[in-house]
Amino acid sequence: MTTAAPISSRELDHPKRAEIRLEGVLHALSDPMRLRVVRQLAGCEPGLDGLSCSQIELPVTKSTSTHHFRVLRESGVIQQIYRGTAKLNGLRREDLDAMFPGLLEAVLTAATAQAERTSAP
């Protein structure tokens, strides 16, 4: 995810890299819906700013979806930026790899294997 200057005056709070805690990341990744979001974001083509919330389909209400995105952002797993009225989401892969080498890749590999076994998205 690029770190271009915000187009909107609305900015969201994100933990700094040094503030990202393992227990927060593991908690965020432990929920099936949040893991689903992370898997979709991991599949984004490099160079994109991310996916808007509406591009990530979750079988939950809008308010529940908002909660899941907030947990992911506050734990340091994703970064959210406003582009006009859309909120774009991207993985903080560099930060997570720097703080917890191999963790994100291991979780994504295990989640993909599980999805293939259970035919879950």
Side-chain angles (χ1 to χ4, degrees):
M1 186 160 195
T2 61
T3 55
I7 292 178
S8 170
S9 62
R10 298 178 294 173
E11 290 191 34
L12 299 161
D13 289 329
H14 297 83
K16 293 178 176 66
R17 178 185 284 187
E19 297 171 338
I20 299 174
R21 306 285 304 169
L22 179 60
E23 58 272 20
V25 171
L26 292 175
H27 169 72
L29 296 174
S30 70
D31 182 89
M33 289 300 113
R34 293 192 290 264
L35 187 56
R36 187 175 185 167
V37 169
V38 170
R39 288 185 63 222
Q40 288 184 44
L41 292 174
C44 281
E45 151 181 348
L48 287 181
D49 280 339
L51 297 175
S52 69
C53 295
S54 63
Q55 289 177 293
I56 301 172
E57 293 185 36
L58 296 176
V60 296
T61 65
K62 184 172 170 55
S63 63
T64 300
S65 178
T66 299
H67 166 75
H68 287 310
F69 282 105
R70 183 177 52 79
V71 170
L72 288 166
R73 177 176 46 82
E74 290 178 351
S75 68
V77 174
I78 68 170
Q79 179 174 348
Q80 294 183 304
I81 57 171
Y82 280 103
R83 288 285 189 255
T85 59
K87 196 183 294 180
L88 296 182
N89 303 280
L91 276 182
R92 291 181 64 179
R93 188 181 293 269
E94 285 183 29
D95 290 334
L96 293 172
D97 288 345
M99 296 298 293
F100 317 110
L103 175 67
L104 183 59
E105 197 56 42
V107 167
L108 290 170
T109 299
T112 298
Q114 176 176 286
E116 289 171 357
R117 283 192 314 273
T118 63
S119 299

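All values below come from the heavy atoms of this structure, side chains included, with hydrogens, waters and symmetry mates left out.
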> Hey, are the side chains of Ile81 and Lys87 touching, using non-hydrogen atoms and a 4.5 Å cut-off?
Replying inline: no
> Under 4.5 Å between any side-chain heavy atoms of Val38 and Leu104, yes or no?
Replying inline: yes
>> Is there a continuous path of hydrophobic side-chain contacts, each under 4.5 Å between heavy atoms, that joins Val71 to Leu91?
In response: no
Does any N or O in the side chain of [X] come within less than 3.5 Å of the main-chain N or O of [Y], such that one atom is a donor and the other an acceptor?
X: His14; Y: Gly76; answer: no
X: Thr64; Y: Val60; answer: no
X: Ser75; Y: Leu72; answer: yes

> For Ser63, which residues count as a side-chain hydrogen bond (donor to acceptor under 3.5 Å, both in side chains) partner, sequence neighbours excluded?
Replying inline: Thr61
> salt bridge (charged side-chain N to carboxylate O under 4.0 Å, His left out) with Arg93: which residues, sequence neighbours excluded?
Replying inline: Glu105
> Of all residues at least two apart in sequence or in a different chain, which pass the salt bridge (charged side-chain N to carboxylate O under 4.0 Å, His left out) check with Glu23?
Replying inline: Arg21
Listed by chain and number, what are the side-chain contact (heavy atoms from CB on, under 4.5 Å) partners of [X], not counting sequence neighbours?
X: Val25; answer: Ile20, Leu29, Val77, Leu96, Phe100, Leu103
X: Gln55; answer: Leu51, Ser52
X: Pro59; answer: Met33, Arg36

How many angstroms lie between atom [atom1] of [X] and atom [atom2] of [Y], to the nearest 0.5 angstrom?
X: Gln40; Y: Ile56; atom1: CD; atom2: CD1; value: 5.5 Å
X: Ser54; Y: Lys62; atom1: OG; atom2: NZ; value: 8.5 Å
X: Ile78; Y: Asn89; atom1: CD1; atom2: CG; value: 4.5 Å

Please give me the minimum heavy-atom distance between [X] and [Y], naming the atom from each residue.
X: Ala28; Y: Arg34; result: O-NE, 3.0 Å
X: Arg39; Y: Ala115; result: NH1-CB, 3.5 Å
X: Leu108; Y: Ala42; result: CD1-CB, 3.6 Å

> Are His68 and Val37 close enough, and set up right, to give a side-chain contact (heavy atoms from CB on, under 4.5 Å), and what steps lead you there?
Replying inline: CA-CA 9 Å; His68 287 310; Val37 169; 5.5 Å; no
>> Within the supplied structure, the quantity of interest is the number of heavy atoms (other residues, nucleotides, ligands) at a distance under 6.0 Å from Glu19 CD; does it exceed 12?
In response: yes
>> Run the side chain to side chain donor-acceptor pair (under 3.5 Å) test on Gln79 and Arg92 for me, step by step, so that the C-alpha distance in whole Å, both residues' side-chain angles and the decisive distance to 0.1 Å come before the verdict.
In response: CA-CA 6 Å; Gln79 179 174 348; Arg92 291 181 64 179; 5.1 Å; no
